[in-house]
Amino acid sequence: MRKQASVLHLDLDAFFASVEQRDKPSLRGKPVVVGGVGGRGVVATASYEARRYGVRSAMSTREARSRCPHAAFLTGRFHAYREASDVVMRLLREVSPLVEPLSLDEAFVDLERAGLPDLEVATVTAYAADLRERVAVATGGLTASIGLGTSKFIAKVASDLEKPDALVVVPPGTERDLLRPMSVSVIPGVGPVTAERLRRAGIQTVADLEAVDLAELLRLVGQAQGTGLHALARAHDDRPVVAEREAKSVSSEGTYETDLTDRRLMEGLLTRQAGEVAARLRKHGLSGRTVTIKVRLHDFTTLNRSTTLPEPTDSTATVARLARALLTDLDTSGGVRLLGVGVSGLADWIQDDLFGESSDTDGADGAPEEDEVLGVDAVEAGVKARRSVYAPGQDVEHDEMGRGWVWGSGRGVVTVRFETAGTPPGPVRSYALDEPALRPWRPAEPTENDMPAADPPA
DNA sequence: TCTGGGGTCCTAGGACCC
DNA sequence: TCTGGGGTCCTAGGACCC
C-alpha cells in the first residue's frame with residue numbers, strides 16, 4: 001500500500017449504452033439496453049434511464065423487457081465500442097506510461113509514473129478532474145467515473161462510490177474507516193457464493209471480516225482466497241499496475257436458441273468455432289497446446305473436456321478434429337444449449353513440423369522420416385519419453401484398418417480412431433507403441449472445407 | 001420457456017518422476 | 001514387496017470479473 005493516492009481507476013459509465021446514445025441522438029435520455037436480444041440473451045449494459053426500472057447487467061433480456069418494455073433493446077456494435085475504448089486508452093497512455101486496461105471500459109493508471117510535481121491529494125485530484133474532461137472531449141461526450149487511492153482496491157472502490165460522472169479521492173490513512181461498514185461484496189473475488197459462505201459464518205461487513213483471524217478464514221474459503229481476504233479486509237494491497245498482460249487462452253462459444261440434439265450439427269458448429277479460434281491465434285502470432293471444448297447441457301450443467309498436444313498448434317484442422325473428438329465421449333442426448341472451443345497453454349511461437357505442415361526437415365521425397373515423427377526407434381532403444389511419442393490428432397495408417405488418427409495414448413499403448421468412409425467416427429483400436437502395422441502418414445495440406453456454412457437453427 | 005461471451009484464477013486428484 | 005514425500009503436469013470443475 002502506498003503512502004499517497006497515486007493509483008487511479010477509470011470506469012466509463014454505462015459504456016455500451018452510452019456509445020449508442022452518443023451515436024443515436026434519438027436514444028438520449030431514454031432507457032437503452034445493450035445485450036443479447038434473442039430468447040436466451042442477457043443484458044450487457046443498461047443505460048441509467050433503464051436502471052431506474054431495475055434493469056441490470058447479466059439479467060436475462062426477457063426479464064429486462066418485462067421490467068422496461070419501452071426501452072430500446074440493441075445488440076452490441078462492438079467495433080464502435082472498441083474504437084471508443086481505443087481513444088480513451090490512448091489518452092491514458094499519453095498521461096502515464098503505466099496503464100493497465102481491465103476491459104474495454106476500465107483501466108488503472110499509475111500516477112507515480114505520470115510526471116506530476118507531487119502526489120498530494122490536491123494535485124492528483126486536479127489532475128484527475130482534468131483527465132475526466134479530456135476523456136469527454138476526446139470521445140464526443142462519454143462520461144467516466146474516476147477513483148483515486150493508495151492501491152488498486154481502494155481506487156476501484158472509490159470510482160464506484162458516486163458514479164456516474166464522478167471523481168472520488170480516498171485520502172491516505174482513511175481507507176479502513178471507509179471499508180469497515182461496507183459489505184464484504186466490495187472485495188474483488190467475493191461473489192455470491194463466497195458472500196453466502198461468509199454470511200453463514202456471521203460475516204457480512206468488512207469490519208466483521210477484519211475480526212476473523214487468518215486460520216479461520218483459511219478454513220472457510222481456502223488458502224488463496226483466505227490470504228487475499230485477510231489482507232484486503234485491512235486495505236493491504238500491494239498489487240502493482242501492470243501494463244502488458246499476455247493472453248493465456250483464446251476461445252469461442254455460442255448459446256443456441258433451441259437445444260441441439262443432432263451430433264452432426266454439433267460437430268459442424270465445433271468445427272466452425274475451432275476455425276475462429278485458430279484464426280485468432282494466427283492473427284496474433286500465437287499457438288497453443290491444450291484444446292478444450294465446453295458443453296452446456298439443457299439443465300445448465302457444464303462439462304469441459306480437454307486434451308494436450310506435445311507441441312503447440314494454430315492449425316484449424318488440428319483444433320477442429322480434436323474438438324470433435326472430445327465431443328464423442330459425452331452424452332448429449334438430453335440436448336445442448338451451449339458449445340465452445342478454446343485453446344490454452346499458449347506460446348508465441350509455432351513448432352514447425354509436428355503435423356507435417358510446411359516443413360524443411362522431411363526426407364527428400366517429401367515423406368516424413370518416421371523416427372522423427374513417431375519416435376518408435378527411440379522407444380525401442382529404451383529412451384524414456386515422458387509423454388507418448390504419439391500426438392493426439394496425428395494421422396496414422398494401419399495395414400488392415402486403413403487410415404485413422406491418434407485419439408490418445410498411455411503407457412506403451414496408443415489408441416487410434418479410424419475414420420471409416422461415410423460413417424465417422426469409426427472404430428477405436430488400441431495398439432502397442434511398436435506395432436509395425438501402424439505407421440504415420442502425411443495428410444494433404446489441412447483444408448477448411450469441412451467448415452459448415454449453415455447457421456444454428458433460429 | 002430463467003441464466004451471454006470473453007476471459008482469469010484456484011482446487012483437487014491422479015500420474016509420474018526422483 | 002512395506003512404502004515416502006516433494007514437485008510437475010494434466011484434467012475437470014467451479015467461482016469470479018467485466
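Below, chain A is the first sequence line, B the second, and so on; all start at residue 1.
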[X] near the nucleic acid: base, sugar-phosphate alone, or nothing, with a heavy-atom cut-off under 4.0 Å?
X	answer
A:Arg296	sugar-phosphate
A:Thr194	sugar-phosphate
A:Leu303	sugar-phosphate
A:Glu106	sugar-phosphate
A:Gly36	nothing
A:Ser252	sugar-phosphate
A:Val43	nothing

On the nucleotide [N], are OP1 or OP2 found under 4.0 Å from the side-chain N or O atoms that [X] carries?
X	N	value
A:Arg280	B:dG7	yes
A:Arg337	B:dC2	no
A:Ser251	B:dG7	yes
A:Lys248	B:dC9	yes
A:Ser306	C:dA12	yes
A:Arg305	C:dT11	no
A:Thr308	C:dT11	yes
A:Lys294	B:dG6	no
A:Ser249	B:dT8	yes

Would you indicate whether A:Glu196, at its atom CD, is surrounded by more than 12 heavy atoms from other residues, nucleotides or ligands within a distance under 6.0 Å?
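Correct, the count exceeds 12.
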Contact summary for A:Ala128 and A:Leu148, nearest pair of heavy atoms
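Scanning both residues, the minimum pair turns out to be CB-CD1, 3.7 Å.
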Nearest to the A:Thr255 side chain among B:dT11, B:dG4, C:dG13, which nucleotide is it?
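Selected nucleotide (nearest to the side chain): B:dG4.
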Along DNA chain B (nearest heavy atom to each residue), the more 5'-positioned of A:Ala58 and A:Arg245
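The 5'-side residue here is A:Ala58.
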Starting at the 5' end of DNA chain B, which residue's closest nucleotide do you reach first, A:Gly222 or A:Arg40?
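It is A:Arg40, whose closest nucleotide lies nearer the 5' terminus.
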Check [Y] with [X], please: is the shortest side-chain N to carboxylate O separation under 4.0 Å?
X	Y	value
A:Lys294	A:Glu253	yes
A:Lys163	A:Asp11	yes
A:Arg2	A:Asp238	no

If a pair means Watson-Crick or G-U wobble with both distances below 3.5 Å, what does DNA chain B look like in dot-bracket form, with | marking bases paired to a different strand?
....||||||||||||||
Interatomic distance at P, B:dG5 relative to B:dT1, whole Å:
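Per the computed distance, 14 Å lies between those P atoms.
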Distance between C1' atoms of B:dT3 and C:dC16 (Å, rounded):
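The same atom, C1', in both gives a distance of 15 Å.
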Using the side-chain hydrogen bond (donor to acceptor under 3.5 Å, both in side chains) rule, collect all pairs that involve residues 62-78 of chain A, keeping only residues at least two apart or in two chains.
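Only A:Glu20-A:Arg77, A:Asp23-A:Arg77, A:Tyr53-A:His70, A:Glu63-A:Arg67 qualify under side-chain hydrogen bond (donor to acceptor under 3.5 Å, both in side chains).
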Against A:Val341, only a single residue in A:Leu270, A:Thr271, A:Thr292 fulfils side-chain contact (heavy atoms from CB on, under 4.5 Å); can you say which?
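Option passing the side-chain contact (heavy atoms from CB on, under 4.5 Å) with A:Val341: A:Leu270.
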How about A:Leu217 and A:Leu209: do any of their side-chain heavy atoms sit closer than 4.5 Å?
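A side-chain contact exists here, since the closest heavy-atom pair is under 4.5 Å.
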